[in-house]
Structures are given as C-alpha cells and as structure tokens.
Amino acid sequence: MSASLRWCSQPTRGLHGALRIPGDKSISHRAIMLAALAEGVSSIDGFLEGEDTRATARAFSRMGVQIEAPSSARRVVHGVGLHGLKAADGPIDCGNAGTGMRLLTGLLAGQAFDSRLVGDASLSRRPMHRVIEPLARMGARISAADGGLPPLHIRGGCSLHGARHEPAVASAQVKSAILLAGLYAQGTTEVYEVQPTRDYTERMLEAFGWPIEFGSGWARLEDGHRLQATDVSVPADFSSAAFFLVAASIVPGSQLLLHAVGMNPRRTGLLGVLRLMGADIREENHRTQGGEPVADLRVRSAALHGVDVPESLVADMIDEFPVLFVAAAAADGTTRISGAPELRVKESDRLAMMARGLAALGVHIEEHADGAVIQGGRIAAGQVESAGDHRIAMAFCVAGLVAEGPVAIDDCSNVATSFPGFVDLANGCGFAIR
Ligand code: S3P
C-alpha cells in the first residue's frame, strides 16, 4: 500500500441505499484480548477486518494464542487463560492503533515476561505517559522513548497492586489499560473519570464472567477471578456510520438506511449534535446485540444550521469531530467547538488538520487551542492533506460530495485501519470517489 494514495471525491446528487457498516473497532480489539486470556474457545462475529484490529490479533498469535479466521469478520480464539501467554519472539507491532498499544500496555504489565511495543510513525508520536503513570502506581515498570513516546518496554515479573485512579483526561483507553492491569493486581482497582467514556471493557469483562462493578464514569474490580470463553457479536461501528450520517444529511435528495449500528450512549454524541443542527435521523428497530444496544438508522437530507457544540457531548463523540467539521462547513451559519484539546493527540492533530484542509477549500475557520469556529455555507474544490489519518481522509471524502468541484485528498491508505471497503461501500450508495 502506498503512503501517497490519493483519492478524489466529486460532487454528487443523492445518496441512496441500505448499508452494512463494518464491525466496531473498539469492541473488536477488546474481544480478541479477553478471548485470548479466557479459558476455552470464543468465537467473535462481526470482527472488524481493519489493520488496527488485525494487528492486535497478530500480537496475541505471536504470544502463543491460536486464532482461526474461518471466514471474513469471524475469529475463533483458543484462549490460554490469564497466565497462559508466552513472550513474543520480538517487538509487537501495534501499527496505527492507539487502542491496541494502550490496552496491551496494561495487560502486559501483569505478565511474567518482558514485552516491547512499537507502532507506525503516527502512533510513535502519541502520548503514552497517560497509561505509564497510573500503571507505575500499581507497581508496573514501563519505559518509553523521550517525551513518553513509543516504543514501550514493559518489564515482566512485577507484582502489581490495586489502586484508586482519577485520570486527568477522559479516556477509555486509559481506563481500560488500568482495568486490564487490575486483573493481575492484588486488591481493588478503581477508576473515576472526569467525564464518562465508552464502557466496552467493563461490559466485556462482565460477559467473560469477571465480576466488575461499574456505572457512569466509574469502575471497580478485584483480582482472583477467571475469564470464561464466550461468544461475542460485534455491532457496526458508529464512528464509521458517522460519515454516512453526515453525507446523507448534507447531500440534497438523499436517504440511507444503516443496519444494526452500535448505539452505546458513550459513542453517539454526534447524533445529538446533528439533530441540534436540524438533521433528520430516525432510530428504528432498537434491540441488543452481544450485550450492546443497536438500532437501524434512517437518515434523510435536511437543511443543517450551525450550533454551539455542547462540551458535555465531546467525550461521547470524540472520534466524530473530523466529519462534524464537514457538517459545520456545509451548514448555514456558525458552529463553535470548544473543550476538545484531546483532538490534538489523535492519529493526527485533528484540529490543525481540519482547519488547514477546510481553509484550503475556502471555508472560513478559526482554529483555537481546544476547538474551532467554523463559518458554514460554501465548500470550494481543492486539495487537502489527511496526514495519514483515516478519519480526516474519510471526512474530506464527505466534503467532496457537496463541494463546488473535486476535492483531492492525499495519503488515504490508512482508511484501511478502521474501514476496509470504505470506497466501494461509499461509491455503491452514490459517492463518486476515484
Ligand atoms: C477508544 C477510545 C478513544 C477513541 C479511540 C478508541 C477505545 O480514545 O478516540 O478511537 O477503544 O477505548 P481515548 O481513550 O484516547 O479518548
């Protein structure tokens, strides 16, 4: 795959169809991890065939876990039990995946052997101090490169002890790293969050039979239990669905139906914001799938107007800002985003990249330290950079739909990290991406 893969997204008329979006990335990572540490054979359906989640599966194969792939989006994991992993025969490559690296750091801190975690250029710039510091307070010994950056060296054979944690950033990755270390830590491990974040680790530990207490913004568990194999059914990833929710909202004459999308309330903040902007998105056929709420989403085009994005929704839509910026650029009036400095330490500095890209498309945008002010109305043709960030690349594909001419987007190969088949699915419903 070439780092310079360039896509060109062209204006189009209406988007139509019924789509199945690939499986949830966060849940797919966790399903592999817990199934690997469980006793017995687990099957995972709806597994995301993305590069990030495949890197996590590869990591466990290299630590002695047999993982079969009988068909696409399915994995059968022969769990080795909590203490059954073996040292990999070299560094573990987490690719582009912050979730993979941060959760593995917690889990590997409790092993008997040393591990080394490496990542690609983007992951190698992402802060790891946020997991190293709380894990060190539990007795872990982890060293990083200068500035707390990967690669990470995790010492084995440390005896961990439980602790009470109040992380300064609202981060499900930090919370999950702590809880996974907590499986190996003597006593009680507790996390209290500044804002509630996605609770997939908590729900999945429960599904694998580990006693855990949790509620909105807190979780508590103790050591001394076992994980029992179970079957996991992964819903469609709301963050991938988000590109189609915005696309169909802003392209006049569109109507899309998205099947069985994960509706965990800690993920669906964008729905609230799009509705405040005037979007017409209906939830149909609410049900649960593998312990997670899912629904079919029917979206019709609507005239969007700018809003002040409530800061209380930021954590619940943390991955959706690139595409929200595009919705704001296509809307009438001003959208204000604040309270989102975390966007600077994602796969790219998403505030900077979206501000630079939209400005290149003639949109009036002011970048702030923790957000932006976007003047909507008109998007011109032009050329933008994605900085190898999958969500920036897909967001600008959506911008191209309503631009005055083609939008060329550089460096799109990393879309495969989270959304394999994006171009085919998008073009199948009316996008025009070359
Ligand atoms: C994730 C948590 C979020 C999110 C990321 C996936 C997870 O990161 O942005 O895409 O699976 O726990 P932070 O924990 O850094 O907010």
Side-chain angles (χ1 to χ4, degrees), residues 22-34 47-48 50-53 55-56 94-107 119 122-123 125-135 148-150 165 167-180 191 193-205 214 217 219 232 234-235 237-243 262 264-270 292 313-324 339-351 370 389-392 394-395 414-415 417-419:
D24 188 277
K25 179 153 72 78
S26 294
I27 296 178
S28 295
H29 279 296
R30 287 157 170 86
I32 291 285
M33 292 180 187
L34 295 192
F47 177 74
L48 172 66
E51 287 175 3
D52 278 11
T53 43
T56 290
C94 300
N96 190 245
T99 304
M101 186 174 279
R102 293 191 178 124
L103 271 59
L104 271 173
T105 302
L107 189 158
S122 150
L123 183 52
R125 287 191 293 268
R126 298 185 64 187
M128 294 297 148
H129 182 70
R130 53 182 59 198
V131 288
I132 296 173
E133 186 274 327
L135 295 172
L149 301 178
H165 300 272
V169 282
S171 163
Q173 294 175 355
V174 172
K175 171 178 63 176
S176 301
I178 293 168
L179 292 175
L180 291 173
V191 188
E193 303 186 281
V194 284
Q195 262 194 331
T197 64
R198 64 193 74 185
D199 55 2
Y200 297 133
T201 304
E202 297 90 309
R203 288 174 186 240
M204 207 176 283
L205 281 167
F214 63 98
V232 180
V234 183
D237 197 315
F238 183 89
S239 296
S240 298
F243 300 102
N264 184 305
R266 297 283 74 85
R267 292 293 298 286
T268 49
L270 178 75
E292 285 290 329
L313 289 178
V314 166
D316 294 346
M317 55 180 292
I318 194 64
D319 293 331
E320 279 57 84
F321 279 94
V323 79
L324 175 71
E342 274 293 297
L343 296 178
R344 298 211 179 268
V345 290
K346 293 295 177 188
E347 285 83 329
S348 69
D349 177 340
R350 288 183 172 162
L351 290 175
D370 69 337
D389 184 328
H390 55 135
R391 299 201 199 282
I392 303 267
M394 289 185 277
N414 274 340
V415 168
T417 61
S418 71
F419 203 152

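Any value given below was found using the heavy atoms of this structure, including those in side chains, with hydrogens, waters and symmetry copies removed. Ligands are counted one by one from 1 in listed order, and the atoms in each one are counted from 1 as well. Throughout, numbering of the chain's residues begins at 1 and tracks the sequence.
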Problem - Numbered atoms and elements of ligand 1 in range of Arg102, under 4.0 angstrom, heavy atoms - result: 15 (O)
Exercise for the section: Could you tell me whether Glu347 and Arg391 have a side-chain N and a carboxylate O separated by less than 4.0 Å? Expected result: no
Exercise for the section: Look only at interatomic distance and state if Ser26 has a nitrogen or oxygen under 3.5 Å from any nitrogen or oxygen of ligand 1. Expected result: yes
Handout entry: ligand 1 to Arg30 polar contact by distance, N or O atoms, under 3.5 Å
Key = yes
Practice task
Among all protein heavy atoms, pick the one closest to atom 6 (C) of ligand 1 and tell me residue, atom and distance.
Solution key: Thr99 OG1, 3.3 Å
Problem - Short N-O contact, Asp319 and Lys25, less than 4.0 angstrom - result: no
Practice task
Among all protein heavy atoms, pick out the one at the shortest distance from atom 8 (O) of ligand 1; state its residue, atom name and that distance to 0.1 Å.
Solution key: Lys346 NZ, 3.2 Å
Exercise for the section: Look at ligand 1 and say whether Lys175 reaches it with a heavy atom at a distance under 4.0 Å. Expected result: no
Problem - Side-chain touch Ser176/Arg102, heavy atoms, less than 4.5 angstrom - result: no
Handout entry: Short side-chain donor-acceptor distance under 3.5 Å, Thr53 and Ser28
Key = no
Practice task
Check ligand 1 against Ile318 and write out every atom of the ligand that is under 4.0 Å from a heavy-atom position of the residue.
Solution key: 9 (O)
Handout entry: Short N-O contact, Asp199 and Lys175, less than 4.0 angstrom
Key = no
Exercise for the section: Write out the residue and atom name of the closest protein heavy atom to atom 14 (O) of ligand 1, then the distance separating them to 0.1 Å. Expected result: Ser171 OG, 2.5 Å
Exercise for the section: Would you check the N or O atoms of Gln173, main chain and side chain alike, for any that come under 3.5 Å of an N or O of ligand 1? Expected result: yes
Exercise for the section: Please report the C-alpha distance between Arg350 and Asp389 in whole Å, then the side-chain angles of each, then the deciding distance to 0.1 Å, and finally whether the salt bridge (Lys or Arg N to Asp or Glu O under 4.0 Å) criterion is met. Expected result: CA-CA 8 Å; Arg350 288 183 172 162; Asp389 184 328; 2.8 Å; yes
Fill in the blank from the handout: Filtering Val174, Asp319, Val345, Val131 for the heavy atom nearest atom 9 (O) of ligand 1 leaves Asp319
Exercise for the section: Examine the side chains of Ser171 and Arg130 and answer whether a donor and an acceptor come within less than 3.5 Å of each other. Expected result: no
